[in-house]
2 protein chains.
Amino acid sequence: MRNASPTLKAIAAHLGVSVTTVSRSLSGQGARYRISEKTQGAVRRLARRLDFSPNPLARGLRLKKTATVGLIIPDVSNPFFARIAHCVTIAARDHHHSVLLADSQEQTRLEIDSIDALLRRQVDGLILCPVGIADAHLRSLVRGPVPVILVDRHFPRLALPSVTSDNVGGARAATSHLLAAGHRRIGVLQGLPETSTNRDRLTGYRSALAGRGVRTDPRLVAGDTFLEDSGYRAARRLLRTRPRPTALFALGNLIALGALRAIAEAGLRIPGDISLVAFDDHPYADHLAPPVTTVAQDADALGRIAAGALFSRVRAQSLNSSQRHVVPTRLVSRGSVQPVSRASIQQQEKP
Amino acid sequence: MRNASPTLKAIAAHLGVSVTTVSRSLSGQGARYRISEKTQGAVRRLARRLDFSPNPLARGLRLKKTATVGLIIPDVSNPFFARIAHCVTIAARDHHHSVLLADSQEQTRLEIDSIDALLRRQVDGLILCPVGIADAHLRSLVRGPVPVILVDRHFPRLALPSVTSDNVGGARAATSHLLAAGHRRIGVLQGLPETSTNRDRLTGYRSALAGRGVRTDPRLVAGDTFLEDSGYRAARRLLRTRPRPTALFALGNLIALGALRAIAEAGLRIPGDISLVAFDDHPYADHLAPPVTTVAQDADALGRIAAGALFSRVRAQSLNSSQRHVVPTRLVSRGSVQPVSRASIQQQEKP
DNA sequence: ATGGCAGGCACAAACGATTGTGCAAGCCTG
DNA sequence: CAGGCTTGCACAATCGTTTGTGCCTGCCAT
């Protein structure tokens, strides 16, 4: 396999024709340039026999197209992003493109470097899951050389197309679910505060509360990143507030993990002592003790839609119309939410 | 950022020198070719000011080196492989290389295509997690144009370097753990039978049994892939055998997931009715009901070591000495294993 | 004055592809 | 038979680097 694919030159020499002729015969331009059917046939046969395929580097150099897309992700080892990566690579294969993967390790600095490196390599398009808050470095992408699609997080002020979950709706559904079970003091374990995902989820949470006429209490919101440790610390803090929240809403899968740990350490039982809902579904949710009610994001859809949007732009040579795509979420009800007893509601409403 | 980086030619024109001079000044070859310090300084200043960096395509074309490595994985959305991908991309960044990612979707056909595509793109090295059994297509890689490292699975008959977990040792430890708790009928939920991982884990299992003088019973081994569904079906089957196994050993994380489902459906309790040990640790293992004892693979180490080995070969231009690297596993004891009561042991030893 | 040597750079050929244009041979037409 | 049209392909530039070699100038020694 692939012991140095032959070149146009080699094929041309074998057949006693010019590289021009070979190139045109193989690229389907034969007719336009009046290469005889006989010659074209001979070229194609030999090319097939030698398993010729044009050198992508040379091609890219000449054409300024590399049949390559960039994918920048904060952390491939996060199942949510991994799933997106999976879908993107599969879509890329379908479009005969390769994927250059970069892991920004949740650092804006590395995200900038990665964008730079991929653009240098002349990717034909870029799918980016931005790490967070800063967007100055994204500004130049708007009128940049290649189409860009933002996934998971978006920047309202930036005219870049994006594909995100319905974070507002998902959070509202989760919160409503808790409200319907009688919960009124619902603690929120948030992620990185300035990100669009976090903001949207908080918005959904507040909107649900407002819908029921429940006042939001800023002291019920804790946490500062989407990492497990932040979830752990935030949960510990909220569990110590009095009166204690009767339910926690974790705004991310790792945060939920931290919350589970904190709740276990506090000697509390789910859902007897406290209810829990988490953003992001995962395969183990069913087998936790108890199974955890989650807001499932359709990561597959995010990846697929982003890739679809990107490739349609790549094909159409069109740039970044700032279209926004929102993918619905789904509330997966399991056993981690329990109705609040009347007594405890009244106890809560007094202070 | 990156509004079409200038070219050597542009810099040369600006300074009234030749591209040769610019190239040599920037590549540190200035002294060897007697470019005066003054000229070199001017070139370097301008290059810095214009944020010049050589076009990787042109460079690759000329040098036959692309500063790119290929990474082929059966399924990036599997946390184990995702972790490997994460470590590889980070190592690549450290070595100023980019990563071309391909997802073979557990299909040999796609694995072949991916290898081909990446070699065409002239990657400088390849990290491959082979999907399975077939190895004919890997034969040509042994004396191929670039260094290749196999990760997770290896092929004893192939002179390709590999980095794998100590599957034999891990399985032996898990099995010994069960034996020490008095288990004698230990069912195995295996993965894809002909793979090295599966073989090695079975070997470890049998070796532990043999060490205790326990006869192995082929009817206690079930399953045919590493996927959840296989684990589910295999567990269902084993749970119906009489006398029922007192413990199950799942040879993979997804398999364990299927086993959990099957056990729950059968109305059995872990560890009261049946004990469980699983290959592959994961963050949720602690919070399952009950926490599951696992054989933790150090996926980070696999990725890091593989990348390290690859880059040292890339640097040294050395090819594929068939060195094998084995990374230790760690038994993480949680609550899913319970000592067998004397009565049930005797009951088991009778038939 | 001439030969030799070193310094300082430029020329030009790669690497493989794509593409606008040019050119020869054959045929037809008037 | 001259001019023009068609057929069938080749020439050569180009993308942006890298690199072996060649060339000129000036200086020193003989």
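Order of the sequence lines sets the chain letters (A, B, ...), proteins ahead of strands, with each chain counted from 1. Heavy-atom basis, side chains included; hydrogens, waters and symmetry copies ignored.
- Distance CG (Asn55(A)) to C1' (dG16(D)): 14 Å, rounded to an integer number of Å.
- Here Arg109(B) pairs with Asp113(B) under the salt bridge (charged side-chain N to carboxylate O under 4.0 Å, His left out) rule; sequence neighbours left out.
- Taking the side chain as every heavy atom from C-beta outward, Leu126(A) and Pro147(A) never approach each other to under 4.5 Å.
- Annotation: salt bridge (charged side-chain N to carboxylate O under 4.0 Å, His left out) contacts of Arg313(B) (sequence neighbours excluded): none.
- No side-chain donor from either of Thr164(B) and Ser162(B) sits under 3.5 Å from a side-chain acceptor of the other.
- Contacts of residues 7-15 of chain A with DNA chain C (heavy atom under 4.0 Å): Thr7(A), Leu8(A), Lys9(A).
- In this view, Thr21(A) and Val17(A), Ser18(A), Ser25(A), Ile35(A), Thr39(A) satisfy the side-chain contact (heavy atoms from CB on, under 4.5 Å) rule, not counting sequence neighbours.
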Grab the N/O contacts between the protein and nucleotides 25-28 of chain D below 3.5 Å, and write none if there aren't any.
none

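- Residues forming a salt bridge (charged side-chain N to carboxylate O under 4.0 Å, His left out) with Asp94(A) (at least two apart in sequence, or on another chain): none.
- The 12-atom threshold is not exceeded at CD of Gln323(B), counting heavy atoms of other residues, nucleotides or ligands nearer than 6.0 Å.
- Evaluation of the side-chain contact (heavy atoms from CB on, under 4.5 Å) rule for Arg157(B) yields Asp135(B), Arg139(B) as partners, not counting sequence neighbours.
- Between the P atom of dG16(D) and the NZ atom of Lys65(A) lies a distance of 16 Å, rounded to the nearest Å.
- If you take CD of Gln122(B) and C1' of dA17(C), they are 12 Å apart, rounded to a whole angstrom.
- Near DNA chain D, meaning a heavy atom under 4.0 Å from it, residues 16-26 of chain B has Thr20(B), Ser23(B), Arg24(B) in order of number.
- For Phe155(A), the ring pair (Phe, Tyr, Trp, His ring centres under 6.0 Å) test picks out no residue, with sequence neighbours left out.
- The salt bridge (charged side-chain N to carboxylate O under 4.0 Å, His left out) check on Arg59(B) picks up nothing, with sequence neighbours excluded.
- Relative to the side chain of Phe52(A), the nucleotides dT19(D), dA17(C), dT17(D) differ in distance, and dA17(C) lies closest.
- For DNA chain D, the residues of residues 29-36 of chain B within the heavy-atom distance limit of 4.0 Å (strictly under) are Tyr33(B), sorted by number.
- Within 4.0 Å (heavy atoms only), Ser27(A) reaches no atom of the nucleic acid at all.
- In this structure, Glu37(B) atom CD and dG8(C) atom P are separated by 10 Å, rounded to whole Å.
- For residues 89-132 of chain A, the pairs satisfying ring-ring contact (aromatic ring centres under 6.0 Å, His included) are His95(A)-Phe311(A), His97(A)-Phe311(A), with sequence neighbours left out.
- Ser53(A) and Arg120(B) share a donor-acceptor pair across their side chains, judged by distance under 3.5 Å alone.
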Query - Pair Arg304(A)-Val88(A), side-chain contact (heavy atoms from CB on, under 4.5 Å): steps then yes or no - result: CA-CA 6 Å; Arg304(A) 264 203 326 274; Val88(A) 169; over 6 Å; no
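- The distance between atom CG of Leu61(B) and atom P of dA17(C), rounded to the nearest whole Å, is 9 Å.
- Lys38(B) has no side-chain polar atom (N or O) that falls below the 4.0 Å cut-off from OP1 or OP2 of dG8(C).
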